[in-house]
Each structure stands twice: as C-alpha cells, then as structure tokens.
Amino acid sequence: PMMLKLDRLSALFVFVTGLVFLPVSIYTAGYMGRYLGRHSLRTFGLFYHLLFASIVLLLSAGDVLSFFLTWEVMSIVSYLLVNYEHGKEENTWAGYLMLALGEAGTIAAVLGFLVLLAAAGRPDFVSLKAVAAGLGDAGRWAVFLLTFFGFGVKAGLVPTNAWLPRAHPAAPGNMSAILSGVILNLGIQGIVRVNVDILPAAQVGPGLIVLVIGTISALVGILYATTENEMKKMLAHSSIENMGIITAGLGAGFVFIASGYPVLAGIAFTAAFYHMVNHSLYKALLFLGAGAVDVS
C-alpha cells in the first residue's frame, strides 16, 4: 500500500505547487481555445489533472515505492503534455530528449535509494533515516552522488540541462509555466529530502560539490539567457540560472551542517527556499505572458 506522509518539507512544496497551478488553471481555460479542432482538449484536461495529482502524491510519499511510482507517472505525463503538439518533428525530438534524460536520472536516484534499502530492509523513509547514520563513507558517497545526479537532471542543473531550453519552446505556454514553476522544484525537493532529512551531510565534500554545481549552473544559465533572442528559450535559460542559485544556497547549507553551524545552515536554507518560491511564481507568470504574446 502507498504510504503518505505530509511533513513540513512536503507541505512547503505542495503549497508552492498549488500557488502555481491556480493561476495557470485559470489561464488555461482561455488559452487552450487555440487548439480547438486540432488537438484533443479532453486528453489535455485528463493529463493536466493527472499531473497535478501525481505531483501532490509524490510530494506526500512516505516510502520509496510510493515516491518513485508517482515520480514515474509525473515524468511520463509531463512528457505527454510537453509533446502535446506531437505533429511537429522538433517537438517530438524535444520530448524524447526530456524523457530520456529524465529516465537516466530516475535510474540513478533509484540506485542511490537501493544502497539505503540494502541496509534498512524496509522501504519507508523513517527506516531509511534510522540506518543512514550507520552507513560507511563509501555508502554515503554512493547515495549522495547517485541521488544528486538523478534529482539534478529534473532540476535542470549543469551538465544535464540540455533538455530544458528545448522542451520549453515545444510545450504549450501553460505547460511551460508548470514546467519551470513546479516540476523543476521536484528535483530540488529530492535533493533536500536525501541530504537534509534522510542522510544529513556529515562531511563538507558533498556540500561543496552541490555549491559548485549550483554556481556553475547559475553562471551558464544567465550567460545563455543574455544571448538568446527567442523568448521561451531565454526564460528556460533563466530557469536554469535560478535553479543554480537555489542549489548553491542548499550547498552552502549542507557545508554549514557538516561544519557544525546550524544557525548559518538555517539562514542558507531559508534564502534558498525563499528564492524557490519567488522563482516559481514570477517565472510561471512570465511564461503565461509569453503564451499570451504567442497567441496574439
């Protein structure tokens, strides 16, 4: 059976998800008229609500099986929505790239959790957290590297960010808002779930890696954004930049935890989550604006 548990971390991400889905849903009612007679609006409506349900269940999952089952549903449905205009070859290619990189990341994250499961014997997060402290250095590094890569793909971090600037131009405007405002956050949630809740950082090494990858992602994202003329691609690169800033904040928090400075870690996490909420709202609204311009 599925094990659902809504803690403070889950509640924050569910709240942000609702904040984004509300204006996007209102916008969708008028926006989808452009597809009338060309694509099935009933199919879009089914997948759209399935995506929302899968994200809420994913964020509320209390065990590994529930987490990755809903993660797969979310990944497949988001691919189908991004590739809604499947008659265009470039859209199909962008959707496949998004799906392929996402599945590679999922496999890596599953392998990371299997290391924990081998020690725990039970799939719930509470049991994983209980045995995590007894893992050796090799096990800790394996869990960190595999899960950080896996969830980093979904967050659009360098070097696995190639799918994002291709998926956004292919996706309908309302789906682009969900992609940047909600789905990228799921990668951030996975990184935090592993490195703060289940397996808190005991060494500064993992935190430094997260900090460096986040900083590079922010730099690469803003450099590409400033040279891009196509609106949705520019906003996509901007999302990579902002995910990098959030990740850098998390990395600083991990370093402070491992170094024994909980107050500084709290400040770093507060800054990262504040920026995440800020980015989710303003980037979703920017994509809705871009969709309105595209319609006109």
Is it the case that more than 12 heavy atoms not belonging to [X] sit under 6.0 Å from its [atom1] atom?
X    : atom1 : answer
Y35  : OH    : yes
R38  : CZ    : yes
F68  : CZ    : yes
Y282 : OH    : yes
M231 : CE    : no

Can you hop from [X] to [Y] via hydrophobic side chains spaced under 4.5 Å?
X    : Y    : value
L211 : L219 : no
V143 : W141 : yes
V131 : M3   : no
F13  : F15  : yes
V196 : V263 : no

Is there side-chain contact between [X] and [Y], with heavy atoms separated by less than 4.5 Å?
X    : Y    : answer
N242 : L184 : no
L179 : F287 : no
M243 : N185 : yes
F148 : T247 : yes
V77  : F52  : no
L186 : W71  : yes
H39  : E85  : yes
I267 : F256 : no

Which atom names give the shortest non-hydrogen contact between [X] and [Y], and what distance separates them?
X    : Y    : result
A167 : M98  : CB-SD, 4.2 Å
M276 : I246 : CA-CD1, 3.5 Å
I198 : F125 : CD1-CD2, 3.8 Å
A201 : I257 : O-CG2, 3.7 Å
A171 : K232 : O-NZ, 2.6 Å
E103 : S75  : OE2-CB, 4.0 Å

Discussion item. Show, in sequence, the C-alpha distance, side-chain angles and deciding distance for V73 and L58, and conclude whether the side chain to side chain contact (heavy atoms under 4.5 Å, CB included) test is met.
Written reply: CA-CA 9 Å; V73 174; L58 160 64; over 6 Å; no
Do any N or O atoms from the side chain of [X] and from the backbone of [Y] form a donor-acceptor pair under 3.5 angstrom?
X    : Y    : answer
S180 : A177 : no
H49  : G45  : yes
T92  : K88  : yes
S217 : I240 : no
S10  : L59  : yes
Y31  : S25  : no
S78  : M74  : yes
Y27  : A292 : yes

What distance do [X] atom [atom1] and [Y] atom [atom2] have between them, rounded to the nearest 0.5 Å?
X    : Y    : atom1 : atom2 : result
M32  : M175 : CE    : CE    : 11.0 Å
D137 : F144 : CG    : CZ    : 13.5 Å
L208 : T215 : CG    : OG1   : 10.5 Å
L81  : T43  : CG    : OG1   : 10.0 Å
I216 : N161 : CD1   : CG    : 11.0 Å

Response to the item:
From the list V82, V153, L99, side-chain contact (heavy atoms from CB on, under 4.5 Å) partner of W163 resolves to V153
Discussion item. Between S239 and K283, is the side chain to side chain donor-acceptor pair (under 3.5 Å) condition met? List the steps.
Written reply: CA-CA 8 Å; S239 290; K283 189 56 63 65; 3.3 Å; yes
Worksheet entry | Y96 and Y79 aromatic ring geometry - parallel, tilted or perpendicular at 30°/60° bounds | parallel
Fill in: Ring geometry between Y48 and F44 (parallel below 30°, tilted from 30 to 60°, perpendicular above 60°)
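It falls in the parallel class, under 30°.
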Worksheet item: When you look at I191 and F254, which way does the side chain to side chain contact (heavy atoms under 4.5 Å, CB included) test go after all the steps?
Response: CA-CA 11 Å; I191 293 170; F254 299 159; 4.1 Å; yes
Discussion item. Walk me through whether L286 and M234 qualify under side chain to side chain contact (heavy atoms under 4.5 Å, CB included).
Written reply: CA-CA 11 Å; L286 282 172; M234 182 270 289; over 6 Å; no
Item to complete: Please step through side chain to side chain contact (heavy atoms under 4.5 Å, CB included) for the pair D7 and R193, ending with a clear verdict.
Response: CA-CA 11 Å; D7 57 15; R193 176 66 69 192; 2.7 Å; yes
